[in-house]
Trainee: 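I have a structure here, written as structure tokens, and I will follow up with some questions on it.
Order of listing sets the numbers, starting from 1, for every ligand and every atom in it. Quantities reported herein were computed from a predicted structural model and do not represent experimental measurements.
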Amino acid sequence: MTLPDRSSLSRREYVRLAVAAGGTAALSACLGSDGDDASSVDVPSGTDEPESLPTRQHAWNDALTTDEHGTVQPPAHHVLVALSLQDNVVEDGRVDNSARETTETALRALERAYEWSNEGLVFTLGYTPAYFDRFDESLPELVDLPEPEALTGQESPDFDDFDAVFHLASDSPEVVIEAEEGLFGEVETLNGVDPELETDLSAVFDRLEDQRRTGFVGDGLPADHTDTDGVPESVPEDAPFFMGFRSGFQESQATEDRVTLESGPFAGGATQHVESMDINLTQWFNQENHFQRVSKMFSHEHATEDLVGDVGETLTGSSELRDERIDSTAADARSHNVVGHAQKAARAREDGEPLLLRRDFNTVDSGGPGLHFVSLQHDIDEFVRVREAMTGADLDVPMANNGIRHYIFVTRRGNYLVPPRPLRALPPADPDAT
Ligand code: HEM
């Protein structure tokens, strides 16, 4: 992707395009794009004792900012870097030790360079079933990591059949670009400092440019994209997500503890699902009014009782999904001819607890509006169960009123294991056997 003439764009839009493009040219453009002579990234630096960081790669919440109601604020800029393993890295079911060291060294360089926070950088490295198939042993039974498959009758997605994915996230667009380039030895400094140890993963992984995914989340960022095909002017000014509402309220998210594997060699890890989709925003905004959108996103009662406000601001720390609202999903279908997306997805809660920790972000990777739905959970089967509840094929309601189903079009799915930090660099399928 080439960068457009920046004089015709706002800084926010320009840096978004730089993240989407990636690469060292995008990094330079991004650093220079605010008009000064800045030539290097300058954010809080990381730790000289990477061992002091949490064992869980997905332990982001304590490091991220929260709003006044305790809702975690996701970093603004995200990149999913898809990776294919070089041929000789796993041979005869064994991982080349120097490849493992190279990988761990590069990851530690990131942790030294950037504070583990949304001002700095948070990241995970996850591995697909295809990666683990390279080994003679199987994953321990405690790890539920099937091949991805289509989960609804309406989709025929492509699958993430490569080896691994980095999820890099930061409030600073230049950090996600620089971190990605740094991992592959393409920049001399990380956060203005020479990393000293070599950070070049190109002997270990190839980056799959056509599978690279990018995006953004935060108040006002979606409305910056009204010049993109399929993004109508009616996207609310303050909305953090394209469909116009806040998301990720604390009570509707699984805790990091809930999603973490508690025993076995991968204890401290979690599974991750990535579902990429296009969104028909034109129809969502132009054919529907706010009342209908609230009914379809939350519930009919959220709309009649005006619980949501313009973009979810009156919900404060909770999506107000009390048990009765969740339990009335089927009855709402019959009496009101509409069910809410959040209401029906919440039917999959267990003992009142949500199963998914959602870390999704908006995208325009496909040239129009979309979402990369990244979620962490204990087992992939839990994702499948929640997705079934969200699809709501059991509900007696027209497709167009069945939550947001009518407006989203799934294009890809991928399943991953996000190992604990000590095993994040090229883990064997069964660490106990080696
Ligand atoms: C364009 C796509 C999507 C949008 C705009 C969206 C938006 C939302 C919103 C606004 C909420 C309620 C507020 C909150 O998060 O607390 C919510 C809840 C939720 N969504 Fe989505 N979502 C999307 C796709 C998905 C997908 C693909 C899944 C997969 C299963 C999903 C699962 C959930 C779950 C589990 C909840 C919380 C239910 C609970 O409270 O227990 N969403 N979503």
Trainee: Do me a favour and list the nearest non-hydrogen protein atom to atom 10 (C) of ligand 1 with residue, atom name and distance?
Mentor: Arg246 O, 3.3 Å
Trainee: Go through ligand 1 atom by atom and flag the ones less than 4.0 Å from a non-hydrogen atom of Ile404.
Mentor: 2 (C), 3 (C), 4 (C), 23 (C)
Trainee: If you round to the nearest 0.5 Å, how far is CG of Asp432 from CZ of Phe266?
Mentor: 9.0 Å
Trainee: As an exercise, identify every atom of ligand 1 less than 4.0 angstrom from a heavy atom of Arg349.
Mentor: 39 (C), 40 (O), 41 (O)
Trainee: Is there any N or O on Phe383 that sits under 3.5 Å from an N or O of ligand 1?
Mentor: no
Trainee: Tell me which part of Glu251 gets within contact of ligand 1: side chain, backbone, both or neither, using heavy atoms under 4.0 Å.
Mentor: neither
Trainee: Taking atom types as modelled, find out whether Arg405 and Gln154 have a side-chain donor-acceptor pair closer than 3.5 angstrom.
Mentor: yes
Trainee: Please confirm whether Gln343 comes under 4.0 Å of ligand 1, counting heavy atoms of the residue only.
Mentor: no
Trainee: Evaluate ring-ring contact (aromatic ring centres under 6.0 Å, His included) for Phe216 paired with His225, printing each intermediate quantity in order.
Mentor: CA-CA 11 Å; Phe216 50 91; His225 291 81; 4.3 Å; yes
Trainee: Looking at Gly248, which atoms of ligand 1 are within less than 4.0 Å of one of its heavy atoms?
Mentor: 14 (C), 15 (O), 16 (O)
Trainee: For the pair His167 and His78, name the ring-plane relationship: parallel under 30°, tilted 30 to 60°, perpendicular over 60°.
Mentor: tilted
Trainee: Going by the atom numbers of ligand 1, which of them fall below 4.0 Å from some non-hydrogen atom of Ile279?
Mentor: 1 (C)
Trainee: Ignoring hydrogens, what is the shortest heavy-atom contact between Asp365 and Thr214? Give both atom names and the distance.
Mentor: OD1-OG1, 2.7 Å
Trainee: Would Arg359 and Glu256 pass as an ion pair if we require N to O under 4.0 Å?
Mentor: yes
Trainee: Distance to 0.1 Å, residue and atom name: give those for the protein heavy atom nearest to atom 35 (C) of ligand 1.
Mentor: Val386 CG1, 3.6 Å
Trainee: Where is the nearest protein heavy atom to atom 32 (C) of ligand 1: which residue, which atom, and how far?
Mentor: Phe373 CZ, 3.8 Å
Trainee: Would you call the rings of Phe245 and Trp284 parallel, tilted or perpendicular if under 30° counts as parallel and over 60° as perpendicular?
Mentor: perpendicular
Trainee: Does the gap between the ring centers of Phe361 and His372 come in under 6.0 Å?
Mentor: yes
Trainee: Have a look at Pro369, Gly403, Gly312, Ser247 and point out the one with the heavy atom closest to atom 11 (C) of ligand 1.
Mentor: Ser247
Trainee: So if I count the atoms of ligand 1 from 1 in the order they appear, which ones are less than 4.0 Å from some heavy atom of Leu371?
Mentor: 1 (C), 2 (C), 3 (C)
Trainee: Which of these, Arg358, Arg405, Met297, has its nearest heavy atom closest to atom 17 (C) of ligand 1?
Mentor: Arg358
Trainee: Measure the distance from atom 22 (N) of ligand 1 to every protein heavy atom, then report the residue, atom name and distance (to 0.1 Å) of the closest one.
Mentor: His341 NE2, 2.9 Å
Trainee: Is any side-chain N of the basic residue among Glu388 and Lys344 closer than 4.0 Å to the acidic one's carboxylate O?
Mentor: no
Trainee: To the nearest 0.1 Å, how far is atom 13 (C) of ligand 1 from its closest protein heavy atom, and which atom is that?
Mentor: Phe249 CD1, 3.6 Å
Trainee: Would you mind running through ligand 1 and noting each atom that sits below 4.0 Å from a heavy atom of Ala345?
Mentor: 33 (C), 34 (C), 35 (C)
Trainee: Looking only at heavy atoms, is any part of Glu275 under 4.0 Å from ligand 1, and if so is it the side chain, the backbone, or both, or is it neither?
Mentor: side chain
Trainee: Relative to the heavy atoms of Ala342, which atoms of ligand 1 are at a distance of less than 4.0 Å?
Mentor: 12 (C), 18 (C), 38 (C)
Trainee: Strictly below 4.0 Å, N to O, side chains only: are Glu51 and Arg108 in salt-bridge contact?
Mentor: yes
Trainee: Within the 4.0 Å heavy-atom shell around Phe298, which atoms of ligand 1 are there?
Mentor: 10 (C), 12 (C), 13 (C)
Trainee: Parallel under 30°, tilted from 30 to 60°, perpendicular over 60°: which one fits the rings of Phe123 and Phe166?
Mentor: perpendicular
Trainee: Pair Asp160, Arg213 - check side-chain contact (heavy atoms from CB on, under 4.5 Å), show working.
Mentor: CA-CA 12 Å; Asp160 293 354; Arg213 279 163 263 178; 3.1 Å; yes
Trainee: Report the part of Ala346 in contact with ligand 1, treating N, CA, C, O as backbone and CB onward as side chain, heavy atoms under 4.0 Å; options are side chain, backbone, both, neither.
Mentor: both
Trainee: Side chains of Thr255 and Gln253: is there a donor and an acceptor less than 3.5 Å apart?
Mentor: no
Trainee: Quick check on Met277 - does any of its heavy atoms sit under 4.0 Å from an atom of ligand 1?
Mentor: yes
